[in-house]
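Since the structure comes first, as structure tokens, the remarks are kept for the end.
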Amino acid sequence: MAAEAALVRVGRQQIEITRPEKVLFPEDGITKGELIEYYARIAPRILPHVCNRPLTLERYPNGIDSKRFFQKEVSSYFPEWIRRVTVKKVGGTVTHVVCNDTATLVYLANQACITPHIVLSKVDKLDQPDQMVLDLDPQGEDFELVRSTARAFKQLLDELELPAFLKTTGSRGLHIVVPLQRLETYDSVRDFARKLAAIIVSQAPKERTLEQLKAHRGTRVFIDTNRNGYAQLVAPAYAVRARKGAPVSVPIEWAELGKKGLRPNSVTIRSIFDWLEGVGDPWKDFWKSRASLVKARRKLMSPP
DNA sequence: GACTGGA
DNA sequence: TCCAGTCAACGCCCT
DNA sequence: AGGGCG
Ligand SMILES: [Mn+2]
Ligand SMILES: [Mn+2]
């Protein structure tokens, strides 16, 4: 018999788990209970990437084939021990969830939050991002163009002596993430991302594009530089995606780009823990590598 | 998913 | 007590 | 102001 509800203790908190047998991924039979177990177990890996940031919840209370919604404002019924941060928006303010512990991860998963989205800045310096993201979005399933575009970015970032870390999105593309020292505003970081992307597009304009309109992109990889704007959302490393198989965004080595078997969505909540045993932590040095864009910008202005 | 108001 | 209904984002680009 | 997009 399917257990209806249960009280679990996570650290200091008691959390009511409701309907753990509810299927959220119908093609795979993956339940809310499995989602909760995943986030509890991955906590040591994901918490560094979500902690101290305003979160936006992408929730699917009736599964991934039913209606989803994004949630920024903390619900009135969320327990008092859930941390929050109030940030500015155009018409006023919004109070977001902040997730700094396993208990909050478990609570959010029980809310059928499949993907907790982050922003690129942290609560103590909301206007200055601590990372820049190059978001590579293929239009179809042409992952080969994503690979070559990622390689081109890696070469350019190496030339500019900027650190760059690679992850799958769990969906169809890749993210290249550059950790930053928080010296610049969102607008400034986004302008820089646009300059880099313009160079990458110019190297292969038939394969890469900055076109906003899908109808104008053709089969080209869209380089989504607007991820670097204020209050823009990004799926963090180790987040689950609301797609068949419950795929996970995972950090990978640059060398993986050359391997034929690489797919953006092949690691799932059912395979990740076995998979992790065969890899180290490709992002081990991520937080030690935070860079400034000042010198890189100078190099861009005056090429060799 | 959780809450609310009316059978 | 049991539904049925209701609510849960937003910033940027382009026209 | 409103549609497309992520
Ligand atoms: Mn993407
Ligand atoms: Mn995108």
Side-chain angles (χ1 to χ4, degrees), chain A residues 4-6 15-24 31-33 35-36 39 53-64 66-80 82 84-97 104 106-121 126-127 129 133-139 146 169-175 185-191 193-194 197-198 209-218 220-236 239 241-243 249 264:
Chain A
E4 191 46 31
I15 302 169
E16 175 91 13
I17 302 302
T18 55
R19 304 183 63 181
E21 304 305 315
K22 185 161 188 178
V23 174
L24 296 186
T31 62
K32 195 171 75 171
L35 183 75
I36 292 165
Y39 276 114
R53 296 173 195 276
L55 295 189
T56 298
L57 317 180
E58 184 184 354
R59 294 177 56 189
Y60 295 79
N62 294 306
I64 66 171
S66 298
K67 192 153 96 177
R68 75 169 176 188
F69 61 92
F70 289 84
Q71 177 172 5
K72 296 199 171 186
E73 186 75 32
V74 173
S75 294
S76 57
Y77 57 80
F78 280 20
E80 85 293 334
I82 298 267
R84 303 127 202 266
V85 64
T86 299
V87 311
K88 297 178 187 235
K89 68 168 177 183
V90 171
T93 63
V94 194
T95 301
H96 292 251
V97 168
T104 303
V106 166
Y107 184 85
L108 296 181
N110 184 62
Q111 291 294 299
C113 171
I114 291 178
T115 312
H117 293 263
I118 62 168
V119 298
L120 299 184
S121 56
L126 284 168
D127 295 323
V133 175
L134 289 319
D135 174 24
L136 310 187
D137 293 338
Q139 290 316 286
V146 177
T169 64
S171 175
R172 281 159 33 185
L174 295 170
H175 286 163
T185 63
Y186 275 99
D187 281 355
S188 170
V189 171
R190 182 175 53 189
D191 284 350
R194 285 174 173 153
T209 183
L210 294 168
E211 275 289 350
Q212 302 286 176
L213 269 191
K214 277 187 166 191
H216 294 171
R217 289 181 198 161
R220 296 176 289 179
V221 174
F222 174 53
I223 304 169
D224 182 8
T225 57
N226 261 337
R227 287 316 91 204
N228 299 286
Y230 180 81
Q232 295 298 307
L233 309 181
V234 180
R241 310 312 304 276
R243 305 177 66 90
S249 172

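Here is how names work: the chains are called A, B, and so on, in the same order as the sequence lines, proteins then strands, and each is numbered from 1.
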Can you tell me the distance, in whole Å, between the [atom1] atom of [X] and the [atom2] atom of [N]?
{"X": "A:Phe70", "N": "D:dC5", "atom1": "CZ", "atom2": "P", "value": "15 Å"}
{"X": "A:Asp224", "N": "C:dG11", "atom1": "CG", "atom2": "P", "value": "16 Å"}
{"X": "A:Arg217", "N": "D:dG4", "atom1": "CZ", "atom2": "C1'", "value": "9 Å"}
{"X": "A:Arg227", "N": "C:dG11", "atom1": "CZ", "atom2": "P", "value": "12 Å"}
{"X": "A:Ile118", "N": "C:dA9", "atom1": "CD1", "atom2": "C1'", "value": "17 Å"}
{"X": "A:Lys214", "N": "D:dG6", "atom1": "NZ", "atom2": "P", "value": "5 Å"}
{"X": "A:Leu210", "N": "D:dG6", "atom1": "CG", "atom2": "P", "value": "14 Å"}
{"X": "A:Asn228", "N": "D:dG6", "atom1": "CG", "atom2": "C1'", "value": "13 Å"}

Sugar-phosphate only, base, or nothing, as touched by [X] at under 4.0 Å among non-hydrogen atoms:
{"X": "A:Leu57", "result": "nothing"}
{"X": "A:Lys67", "result": "nothing"}
{"X": "A:Thr18", "result": "sugar-phosphate"}
{"X": "A:Asn110", "result": "sugar-phosphate"}

Practice problem: Output yes when at least one side-chain N/O atom of A:Arg241 is less than 4.0 Å from OP1 or OP2 of D:dG6, else no. | Solution: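 No, outside the criterion.
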Quiz prompt | Side-chain N or O of A:Ser75 closer than 4.0 Å to phosphate OP1/OP2 of B:dC3 | solution =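 So the side chain of A:Ser75 is outside the cut-off, no N or O lying under 4.0 Å from OP1 or OP2 of B:dC3.
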Quiz item: Which of the following nucleotides, C:dC10, B:dG1, C:dA9, is nearest to the side chain of A:Lys89?
Solution: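 The listed nucleotide nearest to A:Lys89's side chain is C:dC10.
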Quiz item: Any idea which of C:dA8, C:dC10, B:dG1 is nearest the A:Tyr77 side chain?
Solution: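 For the A:Tyr77 side chain, the nearest candidate turns out to be B:dG1.
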Self-check item: Between D:dG4 and C:dA9 - P atom distance, rounded Å
Solution: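 That atom pair is separated by 23 Å.
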Practice problem: Could you give the distance separating B:dG1 and C:dC10 at their P atoms, to the nearest angstrom? | Solution: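 Between the two P atoms, the distance is 23 Å.
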Practice problem: Only counting residues at least two apart or in another chain, list the ones meeting salt bridge (Lys or Arg N to Asp or Glu O under 4.0 Å) with A:Asp127. | Solution: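 For A:Asp127, no residue satisfies salt bridge (Lys or Arg N to Asp or Glu O under 4.0 Å) once neighbours in sequence are set aside.
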Extract from the structure each pairing of a protein N or O with an N or O of nucleotides 12-15 of chain C at less than 3.5 Å, listing the distance.
residue, atom, partner, partner atom, Å
C:dC13, OP1, A:Arg194, NH2, 2.4

Distance only, no hydrogens: is a donor on one side chain within 3.5 Å (strictly under) of an acceptor on the other, for [X] and [Y]?
{"X": "A:Lys72", "Y": "A:Thr95", "result": "no"}
{"X": "A:Tyr186", "Y": "A:Ser121", "result": "yes"}
{"X": "A:Lys32", "Y": "A:Asn110", "result": "yes"}
{"X": "A:Gln139", "Y": "A:Arg220", "result": "no"}

Exercise. Kindly write out the residues that satisfy ring pair (Phe, Tyr, Trp, His ring centres under 6.0 Å) with A:Phe69, not counting sequence neighbours, or none if the list is empty.
Key: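 Counting only residues at least two positions away or on another chain, A:Phe69 forms no ring pair (Phe, Tyr, Trp, His ring centres under 6.0 Å).
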Exercise. Using atom types as modelled and distance alone, determine if a side-chain donor or acceptor of A:Lys22 lies under 3.5 Å from a backbone N or O of A:Ala112.
Key: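 Side chain of A:Lys22 to backbone of A:Ala112: no pair is present.
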Quiz item: Should the pair A:Tyr107 and A:Phe78 be assigned to parallel (<30°), tilted (30 to 60°) or perpendicular (>60°) ring geometry?
Solution: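 Ring orientation of A:Tyr107 relative to A:Phe78: perpendicular.
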